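Here the structure is laid out as structure tokens; the discussion comes afterwards.
Since the structure is predicted, the reported quantities are computational estimates derived from the model, not experimental observations. Every heavy atom of this structure was used, including side-chain atoms; hydrogens, water molecules and symmetry mates were not.
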Number of protein chains: 2
Amino acid sequence: MATTRDRILNAFEALLVGQGSRSATLDAVAEEAGVSKGGLLYHFPSRDDLVVGMLDRLRDMGAKDAEKMRSAPQGAVAYYLETSKHTGSAFDRAMIAAARISQESDARASSALDDLREAWFEVLDEQLDDDELARTVQLLCDALYFNETMGLAEEASMPAVRAILARLGALDVQP
Amino acid sequence: MATTRDRILNAFEALLVGQGSRSATLDAVAEEAGVSKGGLLYHFPSRDDLVVGMLDRLRDMGAKDAEKMRSAPQGAVAYYLETSKHTGSAFDRAMIAAARISQESDARASSALDDLREAWFEVLDEQLDDDELARTVQLLCDALYFNETMGLAEEASMPAVRAILARLGALDVQP
DNA sequence: GTCTATAGATGGATAGAC
DNA sequence: GTCTATCCATCTATAGAC
């Protein structure tokens, strides 16, 4: 069983992702986490502390993911493409939650996401050794990711992207 | 001078884009529009009516934009790529504002954005006559657009996308 | 059409019991 | 560490004057 602290952050993220920041109130988070508002505020003295706690966890997960991508047997491009599919993993949820917060002009959230993208780009560029192509792969995966995040209907996109990346030879790389 | 109604919607959109839905309160919208809260509520009896009014205006602008794209002298792909740059136009603002609302599980906003994308895709597919390529162009432009929307630092992306689209021959099309 | 005043509900946060 | 009770600010919405 996760710690209360983690269950609270999970609840905060889930509400941010599912309903947006407006609905992620202390009351709602407490209820989702199965704790009282007082209990929540013991762990996170203010709503802003929830944001900080969430971004800290995201940075941890991000560092681990970049390492996993670097040594993925199928190559970084294929790994990145696969993990652009929205799996509902804890990491996914934390990224989207951070995106929600960053849209409220929160510099800490924007910078956490920027650093994540930078780390991924470095791995792509290492393996592709083609700056333009690395950026394009990242953009395509961003788009797949964000479209899904926004609930847009784009089932045909993934096969199209795979086909185009094959035309460009981007799927041939090895770690 | 714009009508009061339009100034109110402009203010609502500006707050959604700049600060997020949480900050787009009736008080804040009224102040930004230079009208009292009572005055605002005369035109839009509830906050939800602001959303509906905003989406109506977006649909109008969207229909006009798809037509402009279809007959653009530089071709639909180049037009679409150029207008993916965030210009701060009224249309831009309305799209991003709708994206903010759609993230709160608002089916009306999601559907308005979906319809817009569908209309653009049709034009791209007409001119490219390559389904995969049309989807890819759209995804790349989405990514450029959304990255900018989210305040991510990606100045190098546009030239990279242009270069890759040139490799694919996607920039050669004519209306 | 626009304003002020105010009601009623909800949000963030504190105090203190257990 | 977790809970209940409560305070105060803010938010949506209404009423009614001009």
Please, which pairs that meet salt bridge (charged side-chain N to carboxylate O under 4.0 Å, His left out) have at least one residue in residues 33-46 of chain A, sequence neighbours excluded?
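Salt bridge (charged side-chain N to carboxylate O under 4.0 Å, His left out) check on residues 33-46 of chain A returns Asp27(A)-Lys37(A).
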Return each pair, listed once, that meets salt bridge (charged side-chain N to carboxylate O under 4.0 Å, His left out) where at least one residue sits in residues 158-172 of chain A; pairs must be two or more places apart or across chains.
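Residue pairs passing salt bridge (charged side-chain N to carboxylate O under 4.0 Å, His left out), neighbours aside: Arg167(A)-Asp130(B), Arg167(A)-Glu132(B).
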Who passes side-chain contact (heavy atoms from CB on, under 4.5 Å) against [X], sequence neighbours left out?
{"X": "Asp60(B)", "value": "none"}
{"X": "Glu32(A)", "value": "Ala11(A), Ala14(A), Leu15(A)"}
{"X": "Lys85(A)", "value": "Glu148(A), Met158(A)"}
{"X": "Ala109(B)", "value": "Leu55(B), Ile101(B), Ser102(B), Asp106(B)"}

What pairs with Arg47(B) under salt bridge (Lys or Arg N to Asp or Glu O under 4.0 Å), at least two apart in sequence or on another chain?
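Salt bridge (Lys or Arg N to Asp or Glu O under 4.0 Å) check on Arg47(B) returns nothing, list empty.
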With sequence neighbours excluded, tell me which residues meet salt bridge (Lys or Arg N to Asp or Glu O under 4.0 Å) with Glu122(B).
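Glu122(B) satisfies salt bridge (Lys or Arg N to Asp or Glu O under 4.0 Å) with no other residue.
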Tell me, which pairs form a ring-ring contact (aromatic ring centres under 6.0 Å, His included) where one or both residues lie in residues 93-143 of chain A, sequence neighbours left out?
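Sorted pair list: Tyr80(A)-Trp120(A).
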Between Arg135(A) and Asp125(A), is the closest basic N to carboxylate O distance under 4.0 Å?
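Salt bridge between Asp125(A) and Arg135(A), a charged N being under 4.0 Å from a carboxylate O: no.
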Any residue of residues 15-26 of chain B with a heavy atom less than 4.0 Å from an atom of DNA chain D
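Only Thr25(B), Leu26(B) qualify.
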Could you list where the contact with chain B starts and ends along DNA chain D, reading 5' to 3', using a 4.0 Å heavy-atom cut-off?
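Contacts span dC11(D) to dT14(D), reading 5' to 3'.
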Within residues 37-50 of chain B, which residues have any heavy atom lying less than 4.0 Å from an atom of DNA chain C?
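Output list: Gly38(B), Gly39(B), Tyr42(B), His43(B).
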